[in-house]
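Below is one structure, written out as C-alpha coordinates; the observations come after it.
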Amino acid sequence: MRSKIVAGNWKMNKNLAETDSLLTELSAKLPDTDAEVMVAPTFVNLTRALQTLESSKIEVIAQNMHYAESGAFTGEISADMLLNIGIDTVIIGHSERRAYFGESDAILSKKVITALKNGMRVMFCFGEELDDRKSGNHFNVVESQLKNVLFNLEPSAWTNIILAYEPVWAIGTGETASPEQAQEMHAFIRKTISEAFDSTIATNVSILYGGSVKPSNAEEIFSKPDVDGGLIGGASLVADDFIAIVKAI
Ligand code: PEP
(Lines give C-alpha, C1' and ligand atoms only; values in the text may rest on other atoms or scores of the structure.)
Protein backbone atom coordinates (compact mmCIF):
# COMPACT_ATOMS: atom_id res chain seq x y z
CA MET A 1 0.00 0.00 0.00
CA ARG A 2 1.50 3.32 -1.00
CA SER A 3 1.94 6.25 1.39
CA LYS A 4 0.47 9.71 1.12
CA ILE A 5 3.28 12.24 1.37
CA VAL A 6 3.57 16.02 1.63
CA ALA A 7 7.14 17.29 1.40
CA GLY A 8 8.42 20.86 1.60
CA ASN A 9 11.50 21.74 -0.44
CA TRP A 10 12.91 24.88 1.14
CA LYS A 11 15.63 25.29 -1.50
CA MET A 12 18.18 28.01 -0.61
CA ASN A 13 15.86 29.74 1.86
CA LYS A 14 15.76 30.19 5.66
CA ASN A 15 18.79 30.87 7.83
CA LEU A 16 19.25 29.15 11.18
CA ALA A 17 16.96 31.44 13.20
CA GLU A 18 14.29 31.30 10.49
CA THR A 19 14.60 27.52 10.31
CA ASP A 20 14.05 27.23 14.07
CA SER A 21 11.07 29.48 13.94
CA LEU A 22 9.35 27.81 10.96
CA LEU A 23 9.94 24.30 12.31
CA THR A 24 8.65 25.21 15.75
CA GLU A 25 5.50 26.63 14.20
CA LEU A 26 5.04 23.65 11.88
CA SER A 27 5.43 21.12 14.61
CA ALA A 28 2.98 23.00 16.87
CA LYS A 29 0.38 23.22 14.10
CA LEU A 30 0.84 19.78 12.50
CA PRO A 31 -2.56 18.07 12.34
CA ASP A 32 -3.07 14.43 13.17
CA THR A 33 -2.51 12.76 9.79
CA ASP A 34 -1.65 9.40 8.28
CA ALA A 35 0.40 11.16 5.62
CA GLU A 36 4.16 11.35 5.84
CA VAL A 37 5.17 14.98 6.25
CA MET A 38 8.73 15.97 5.29
CA VAL A 39 10.80 19.13 5.12
CA ALA A 40 14.07 19.68 3.26
CA PRO A 41 16.00 22.61 4.76
CA THR A 42 19.43 23.64 3.54
CA PHE A 43 22.35 21.29 4.37
CA VAL A 44 23.87 23.56 7.01
CA ASN A 45 20.69 23.48 9.08
CA LEU A 46 19.88 19.78 8.85
CA THR A 47 21.35 18.84 12.22
CA ARG A 48 19.54 21.67 13.96
CA ALA A 49 16.31 20.75 12.16
CA LEU A 50 16.62 17.16 13.39
CA GLN A 51 17.07 18.42 16.95
CA THR A 52 14.16 20.84 16.73
CA LEU A 53 11.89 18.12 15.33
CA GLU A 54 13.12 15.37 17.65
CA SER A 55 9.67 14.72 19.12
CA SER A 56 7.74 15.65 15.97
CA LYS A 57 6.38 13.35 13.26
CA ILE A 58 7.85 15.62 10.60
CA GLU A 59 10.76 13.97 8.80
CA VAL A 60 13.84 15.95 7.82
CA ILE A 61 15.17 15.11 4.37
CA ALA A 62 18.01 16.41 2.16
CA GLN A 63 17.72 18.37 -1.07
CA ASN A 64 20.64 16.70 -2.84
CA MET A 65 23.77 14.58 -2.42
CA HIS A 66 26.84 13.58 -4.44
CA TYR A 67 27.20 10.20 -6.15
CA ALA A 68 30.72 9.51 -4.86
CA GLU A 69 31.11 7.78 -1.51
CA SER A 70 33.80 10.30 -0.45
CA GLY A 71 36.80 12.11 -1.87
CA ALA A 72 37.98 15.27 -3.57
CA PHE A 73 34.64 16.88 -4.41
CA THR A 74 34.86 20.34 -2.87
CA GLY A 75 31.54 21.64 -1.61
CA GLU A 76 29.71 18.34 -1.91
CA ILE A 77 27.88 16.10 0.59
CA SER A 78 27.90 12.29 0.63
CA ALA A 79 25.23 9.73 1.46
CA ASP A 80 27.26 8.61 4.47
CA MET A 81 27.39 12.18 5.82
CA LEU A 82 23.62 12.43 5.60
CA LEU A 83 22.99 9.02 7.15
CA ASN A 84 25.48 9.72 9.89
CA ILE A 85 23.51 12.72 11.15
CA GLY A 86 20.18 10.89 10.84
CA ILE A 87 18.89 11.80 7.37
CA ASP A 88 17.72 8.85 5.34
CA THR A 89 15.68 10.37 2.54
CA VAL A 90 17.15 12.52 -0.24
CA ILE A 91 15.66 14.47 -3.14
CA ILE A 92 17.44 13.66 -6.41
CA GLY A 93 16.84 15.17 -9.83
CA HIS A 94 15.09 18.42 -8.96
CA SER A 95 14.66 20.51 -12.12
CA GLU A 96 16.80 23.30 -10.61
CA ARG A 97 19.68 20.82 -10.19
CA ARG A 98 19.19 19.71 -13.79
CA ALA A 99 18.94 23.27 -15.18
CA TYR A 100 21.46 25.24 -13.09
CA PHE A 101 23.98 22.54 -12.12
CA GLY A 102 24.05 20.46 -15.28
CA GLU A 103 22.76 17.27 -13.70
CA SER A 104 22.09 14.93 -16.59
CA ASP A 105 20.23 11.63 -16.46
CA ALA A 106 23.64 9.91 -16.37
CA ILE A 107 24.69 11.85 -13.25
CA LEU A 108 21.29 11.36 -11.62
CA SER A 109 21.48 7.64 -12.27
CA LYS A 110 24.78 7.49 -10.37
CA LYS A 111 23.30 9.48 -7.49
CA VAL A 112 20.26 7.21 -7.25
CA ILE A 113 22.43 4.09 -7.29
CA THR A 114 24.69 5.46 -4.53
CA ALA A 115 21.78 6.57 -2.36
CA LEU A 116 20.03 3.20 -2.66
CA LYS A 117 23.25 1.27 -2.11
CA ASN A 118 23.66 3.16 1.16
CA GLY A 119 20.13 2.25 2.21
CA MET A 120 18.64 5.68 1.65
CA ARG A 121 15.17 6.45 0.36
CA VAL A 122 15.17 8.51 -2.86
CA MET A 123 12.60 11.10 -3.87
CA PHE A 124 13.23 11.23 -7.60
CA CYS A 125 12.03 14.36 -9.43
CA PHE A 126 11.39 14.62 -13.14
CA GLY A 127 9.07 16.44 -15.54
CA GLU A 128 8.85 18.06 -18.93
CA GLU A 129 9.64 21.63 -20.01
CA LEU A 130 7.02 23.94 -21.48
CA ASP A 131 8.20 23.31 -25.07
CA ASP A 132 7.81 19.57 -24.56
CA ARG A 133 4.24 20.04 -23.42
CA LYS A 134 3.41 22.47 -26.22
CA SER A 135 4.76 20.08 -28.83
CA GLY A 136 2.92 17.13 -27.31
CA ASN A 137 6.19 15.45 -26.41
CA HIS A 138 5.65 15.41 -22.64
CA PHE A 139 4.90 11.70 -22.30
CA ASN A 140 8.04 10.76 -24.25
CA VAL A 141 10.21 13.08 -22.17
CA VAL A 142 8.90 11.74 -18.88
CA GLU A 143 9.23 8.15 -20.04
CA SER A 144 12.85 8.69 -21.05
CA GLN A 145 13.72 10.42 -17.75
CA LEU A 146 12.31 7.43 -15.86
CA LYS A 147 13.93 4.90 -18.16
CA ASN A 148 17.39 6.51 -18.09
CA VAL A 149 17.56 6.73 -14.32
CA LEU A 150 15.29 4.12 -12.77
CA PHE A 151 14.59 1.30 -15.17
CA ASN A 152 17.97 -0.38 -14.75
CA LEU A 153 17.35 -0.87 -11.01
CA GLU A 154 16.51 -4.16 -9.36
CA PRO A 155 12.77 -4.50 -8.73
CA SER A 156 13.46 -4.64 -4.95
CA ALA A 157 14.91 -1.10 -5.10
CA TRP A 158 11.45 0.34 -5.71
CA THR A 159 10.44 0.04 -2.05
CA ASN A 160 12.89 2.90 -1.44
CA ILE A 161 11.72 5.15 -4.25
CA ILE A 162 9.23 8.00 -4.16
CA LEU A 163 8.46 9.75 -7.44
CA ALA A 164 7.78 13.47 -7.80
CA TYR A 165 6.35 14.51 -11.15
CA GLU A 166 7.12 18.21 -11.51
CA PRO A 167 6.37 19.84 -14.86
CA VAL A 168 9.11 22.47 -15.13
CA TRP A 169 6.67 25.06 -16.49
CA ALA A 170 4.71 24.86 -13.23
CA ILE A 171 7.60 25.21 -10.77
CA GLY A 172 7.70 28.56 -9.01
CA THR A 173 5.66 30.13 -11.80
CA GLY A 174 2.21 30.21 -10.21
CA GLU A 175 1.12 28.11 -13.21
CA THR A 176 -0.25 24.77 -11.99
CA ALA A 177 -0.95 21.67 -14.03
CA SER A 178 -4.69 21.13 -13.90
CA PRO A 179 -5.78 18.24 -11.68
CA GLU A 180 -6.70 16.41 -14.90
CA GLN A 181 -3.24 17.00 -16.43
CA ALA A 182 -1.62 15.75 -13.22
CA GLN A 183 -3.83 12.66 -13.10
CA GLU A 184 -3.25 11.90 -16.78
CA MET A 185 0.54 12.01 -16.34
CA HIS A 186 0.51 10.08 -13.04
CA ALA A 187 -1.58 7.32 -14.61
CA PHE A 188 0.85 7.24 -17.56
CA ILE A 189 3.81 6.96 -15.14
CA ARG A 190 2.18 4.04 -13.34
CA LYS A 191 1.42 2.31 -16.64
CA THR A 192 5.01 2.80 -17.83
CA ILE A 193 6.40 1.34 -14.59
CA SER A 194 3.96 -1.54 -14.78
CA GLU A 195 5.19 -2.38 -18.28
CA ALA A 196 8.87 -2.08 -17.34
CA PHE A 197 8.53 -3.96 -14.03
CA ASP A 198 5.15 -5.16 -12.81
CA SER A 199 1.80 -3.91 -11.61
CA THR A 200 2.63 -4.42 -7.91
CA ILE A 201 5.57 -2.04 -8.12
CA ALA A 202 3.50 0.43 -10.13
CA THR A 203 0.63 0.30 -7.65
CA ASN A 204 2.81 0.61 -4.58
CA VAL A 205 5.04 3.52 -5.57
CA SER A 206 3.98 6.94 -4.25
CA ILE A 207 3.80 9.56 -6.99
CA LEU A 208 3.77 13.16 -5.80
CA TYR A 209 2.83 16.15 -7.89
CA GLY A 210 4.91 19.34 -7.66
CA GLY A 211 4.46 22.72 -9.26
CA SER A 212 2.80 25.73 -7.63
CA VAL A 213 0.72 23.67 -5.20
CA LYS A 214 -0.95 26.02 -2.72
CA PRO A 215 -3.76 25.87 -0.18
CA SER A 216 -6.31 26.90 -2.82
CA ASN A 217 -5.56 24.07 -5.28
CA ALA A 218 -4.12 21.27 -3.12
CA GLU A 219 -7.35 19.48 -2.29
CA GLU A 220 -8.45 19.15 -5.91
CA ILE A 221 -5.05 17.94 -7.09
CA PHE A 222 -4.74 15.45 -4.19
CA SER A 223 -8.23 14.10 -4.87
CA LYS A 224 -7.03 12.47 -8.08
CA PRO A 225 -6.59 8.70 -7.72
CA ASP A 226 -2.98 8.49 -8.92
CA VAL A 227 -1.75 11.58 -7.04
CA ASP A 228 -0.36 10.54 -3.67
CA GLY A 229 0.62 13.95 -2.36
CA GLY A 230 2.83 16.86 -3.24
CA LEU A 231 6.33 18.26 -3.32
CA ILE A 232 5.88 21.86 -2.31
CA GLY A 233 8.31 24.72 -2.92
CA GLY A 234 7.20 28.29 -2.26
CA ALA A 235 4.17 27.43 -0.14
CA SER A 236 6.29 25.28 2.19
CA LEU A 237 8.04 28.42 3.46
CA VAL A 238 4.90 29.75 5.12
CA ALA A 239 3.73 27.64 8.06
CA ASP A 240 0.00 28.22 7.64
CA ASP A 241 0.14 27.47 3.90
CA PHE A 242 2.12 24.27 4.34
CA ILE A 243 -0.15 23.10 7.14
CA ALA A 244 -3.22 23.85 5.01
CA ILE A 245 -1.70 21.71 2.23
CA VAL A 246 -1.04 18.88 4.72
CA LYS A 247 -4.67 19.11 5.82
CA ALA A 248 -5.76 18.81 2.18
CA ILE A 249 -4.23 15.37 1.76
C1 PEP B 1 9.57 22.64 -6.30
O2 PEP B 1 10.53 23.40 -6.34
O3 PEP B 1 9.75 21.43 -6.18
C4 PEP B 1 8.25 23.24 -6.41
C5 PEP B 1 7.24 22.45 -6.66
O6 PEP B 1 8.17 24.60 -6.27
P7 PEP B 1 6.82 25.47 -6.24
O8 PEP B 1 5.85 24.77 -5.33
O9 PEP B 1 7.25 26.80 -5.69
O10 PEP B 1 6.31 25.55 -7.63
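If you're wondering where the values come from, they're calculated on a predicted model, not measured in any experiment. First listed ligand is number 1; within each ligand, the first listed atom is number 1. All residue numbers in this chain count up from 1 along the given sequence. Atom set for the values below is all heavy atoms of this structure, side chains included, hydrogens, waters and symmetry mates excluded.
- With respect to the salt-bridge test (charged N to carboxylate O, under 4.0 angstrom), the residues R190 and D228 qualify.
- In the vicinity of L231, heavy-atom distances shorter than 4.0 Å reach the ligand 1 atoms 3 (O), 5 (C).
- Heavy atoms from other residues, nucleotides or ligands lying under 6.0 Å from NZ of K134 number 12 at most.
- Between W10 and L23, the shortest heavy-atom contact is CH2-CD2, 3.5 Å.
- In terms of N/O distances under 3.5 Å, ligand 1 is not approached by G211.
- Here A170 has backbone heavy atoms under 4.0 Å from ligand 1, and that is the only part of it that gets that close.
- The single protein non-hydrogen atom nearest to atom 8 (O) of ligand 1 is G233 N, 2.9 Å, given as residue, atom name and distance.
- Where the criterion is an N or O separation shorter than 3.5 Å, residue side chain and backbone included, S212 meets it with respect to ligand 1.
- Partners of H66 under the ring-ring contact (aromatic ring centres under 6.0 Å, His included) rule, at least two apart in sequence or in another chain, are F73.
- Using a 4.0 angstrom heavy-atom cutoff, H94 counts as in contact with ligand 1.
- Pairs engaging residues 96-109 under the side chain to side chain donor-acceptor pair (under 3.5 Å) rule: K11-E96, R97-E103, R98-D105, E103-K111, D105-N148 [sequence neighbours left out].
- Each of the following atoms of ligand 1 lies closer than 4.0 Å to a heavy atom of G172: 7 (P), 9 (O), 10 (O).
- Look at A235 and you'll find every heavy atom at least 4.0 Å from all atoms of ligand 1.
- Transitive grouping of hydrophobic side chains (ILVMFWY, heavy atoms separated by less than 4.5 Å) keeps V90 and M38 in distinct clusters.
- Under a 4.0 Å criterion applied to the non-hydrogen atoms of I171, ligand 1 contributes the atoms 1 (C), 2 (O), 4 (C), 6 (O), 10 (O).
- The ligand atoms of ligand 1 that sit less than 4.0 angstrom from a heavy atom of K11 are 1 (C), 2 (O), 6 (O).
- Heavy atoms from other residues, nucleotides or ligands lying under 6.0 Å from CD of E18 number more than 12.
- Below 3.5 Å of separation, one finds an N or O of G234 facing an N or O of ligand 1.
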Which is it for E59 and T89 under the side chain to side chain donor-acceptor pair (under 3.5 Å) test, yes or no, and what are the steps along the way? CA-CA 9 Å; E59 185 187 353; T89 302; 2.8 Å; yes

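- The contact set between ligand 1 and E166, taken as ligand atoms under 4.0 Å from a residue heavy atom, comprises 1 (C), 3 (O), 4 (C), 5 (C).
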